[in-house]
> 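Encoded as C-alpha cells, here's the structure I'll be asking about.
Just so it is clear, the values below take in all heavy atoms, side chains as well, and ignore hydrogens, waters and symmetry mates. Residue numbers begin at 1 in each chain, while the letters A, B, ... track the order of the sequences.
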Amino acid sequence: MATTPFLVLRYPVDATTVASKDFDDSVADLANDIDAFAGVWTSWTPTIAQGATGNIAKTNNNSRSRLIGKWCEFELRVAITGTGTASAAMSFSLPHTSKWSGPLPCGSGMFFDGSTSNRYSGPLLTPSGSSTIAMIAMGVGYLGAVTFTGALATTDVITADGFFEVL
Amino acid sequence: MAKLTQYADIIVPESFDIADEPRALRNMALGIDAAWGGEWQDFTPLVSQGATDTVYLTLSASSVARVKKIGATVYVVAYLLVAAGTGNTGAPTIFLPYPAFSVHEPLGHLIDNRGSATAPSVCQYGVVSAGTASQPTATDRLAAIQTNSRAANDWFGLHFCYETGVV
C-alpha cells in the first residue's frame, strides 16, 4: 500500500446539516475536487475535412471533451465557414487517439445542409485503418461521399457526440 | 481487480448525508473508479443465428470487443467481424457482456452491416433494447436488425452505455 496521499478532497468535519451554507459549499468543493480529479470538460477544437480538403474553416461552438482514465467522452458542434470537396467523405479529428483502428463505432453524428435545410444523421465510425478521425456512416458508405454528396459550405453545421477508448 | 498503486485520501464525516447529494456521490464513485477500477477490458462476444441460440457465428480474430464497467454502468464498444456463418436465417442474437437492467432500456447504437469488412455497405443501424423475438423478456441478449443469413465479412458495430442489473 502506498503511503503518499494521492488525492485530497476538501470536506470540513464541521458540516452538519443540509440546510447550512457550509454544507452546500463543502459539497460543491467535494464535487469540484472529484471532477478535477476524474475528468473535467475542456474545450476542444476539431479539424474538419472533406476528401482532399483538410482543416476546413469553421466556427467552433463549444466543442468539448473530457478524459477519465482511458475513457474519452466528446461533444462537437461546428458551423462551417469554408468549403470542402464534393462527393468525398467528411470527417473530424477525435480529441484523442483511439486505442483501436476502425471500422469501430464511437458515437452518433448529424449534418445540417444549410443550402437545403436537410438533416442527415448516422452512427460515427473511425474508418478502416484510422484511429484519429470519425465519419458519419450511411447505408452504403460515409456521408459526403454518399446520400449527401455536396461540398461542405458556409451555413452547414456538424454536431456529434460519443465516447471511445483512448490509446 | 486493479492493482493498488495509489490511493485517494477521501475523508467523509459521519454526518455527511449522501442521499441528499447524489451528484457528490456519483462524482466520488467516478473518481474512485478512475483511480482504481473501471478499466477497459476484452470480453468474449457471442453471436448466434437460428431459433435455439445454440449455433454461433464464427467471429474473426480481427474483431474488437471492449467493455468498461463502473458500478452498474456498462460501456461497450465492439466491432464483431464474421468469419463464417451458420447457414441459418433470422436476425442473429448478440449476447451482452452484462445483462441489461430491463428489456425496455435503450442500450445504444447497433450497426448491422453486410457485404464489406471495412466500410458501410448494406448497413442498417438503430437504437436497440434487450430481448429477442423468441425471448422477449431476456435481458442478456438482443436481436440484430437484418434477418439475413450471415457470411464472412459481415459485421456488427456496438456502441452502448447502459445500466446493468449486476453490480
> Could you state whether B:Ile145 and B:Leu142 fall into the same hydrophobic cluster, counting links through intermediate Ile, Leu, Val, Met, Phe, Trp or Tyr residues with side-chain heavy atoms under 4.5 angstrom apart?
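In one cluster: yes.
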> Sort A:Ser121 into side chain, backbone, both or neither according to what part of it lies under 4.5 angstrom from a heavy atom of chain B.
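For A:Ser121, backbone and side chain are both near chain B.
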> Could you give the distance from OH (A:Tyr142) to SG (B:Cys123), rounded to the nearest 0.5 Å?
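One finds 8.5 Å between OH of A:Tyr142 and SG of B:Cys123.
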> Is A:Phe112 linked to A:Met138 within one hydrophobic cluster, defined over Ile, Leu, Val, Met, Phe, Trp and Tyr using a side-chain heavy-atom separation of less than 4.5 Å?
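The answer is no; the residues belong to distinct hydrophobic clusters.
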> Starting from B:Tyr56, can I reach B:Val47 by hopping between I/L/V/M/F/W/Y residues whose side chains sit under 4.5 Å apart?
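They do not share one cluster, since no chain of ILVMFWY contacts under 4.5 Å joins B:Val47 to B:Tyr56.
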> More than 12 heavy atoms of other residues, nucleotides or ligands under 6.0 Å from CZ of B:Arg114: yes or no?
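Enclosed: over 12 neighbouring heavy atoms sit under 6.0 Å from CZ of B:Arg114.
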> Checking A:Met135 against chain B: side chain, backbone, both or neither under 4.5 Å from a heavy atom?
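Neither part.
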> Which of the residues A:Gly129, A:Gly107, A:Gly102, A:Ala137 is involved in the greatest number of heavy-atom pairs with chain B at under 4.5 angstrom?
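Going by pairs under 4.5 Å, I would pick A:Gly107.
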> Got a second to check how far A:Leu104's CG is from B:Arg66's CZ, nearest 0.5 Å?
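Answer for the CG-CZ pair, A:Leu104 versus B:Arg66, is 10.5 Å.
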> Do A:Pro105 and B:Phe160 have side-chain heavy atoms sitting under 4.5 Å apart?
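Counting from C-beta outward, A:Pro105 and B:Phe160 never come under 4.5 Å.
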> Are there residues of residues 77-110 of chain B that reach to under 4.5 Å of chain A by heavy atoms, and which ones?
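B:Val77, B:Ala78, B:Tyr79, B:His109 fall under the 4.5 Å cut-off.
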> So which part of A:Pro127 gets closer than 4.5 Å to some heavy atom of chain B, the side chain, the backbone, both or neither?
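Neither part; nothing is under 4.5 Å.
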> For B:Tyr125 and A:Gly122, work out which heavy atoms get closest and say how close.
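Minimum heavy-atom separation between B:Tyr125 and A:Gly122: OH-CA, 3.0 Å.
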> Looking at chain B, which one of A:Val140, A:Leu125, A:Leu124 has the largest number of heavy-atom pairs inside 4.5 Å, strictly under?
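The answer is A:Val140.
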> Would you say the side chain of A:Lys99 lies within less than 4.5 Å of the side chain of B:Trp40, judging by non-hydrogen atoms?
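B:Trp40 vs A:Lys99: side chains apart.
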> What parts of residues 81-97 of chain A touch chain B if we use heavy atoms and a cut-off under 4.5 Å?
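The stretch does not come within 4.5 Å of chain B.
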> Are A:Phe148 and A:Met110 linked, directly or through other ILVMFWY residues, by side chains that come within less than 4.5 angstrom of each other?
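Shared cluster, no.
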> Which of residues 156-167 of chain A have a heavy atom under 4.5 Å from any heavy atom of chain B?
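Under the 4.5 Å heavy-atom cut-off, A:Gly162, A:Phe163, A:Phe164, A:Glu165 qualify.
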> Determine, using the 4.5 Å side-chain heavy-atom cutoff (strictly less than), whether B:Leu46 and B:Phe43 are members of one ILVMFWY cluster.
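B:Leu46 and B:Phe43: separate clusters.
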> What part of B:Thr118 lies closer than 4.5 angstrom to a heavy atom of chain A: side chain, backbone, both or neither?
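Both the backbone and the side chain of B:Thr118 come within 4.5 Å of chain A.
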> Listed by residue number, which members of residues 41-59 of chain A have a heavy atom under 4.5 Å from any heavy atom of chain B?
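Listed by number: none.
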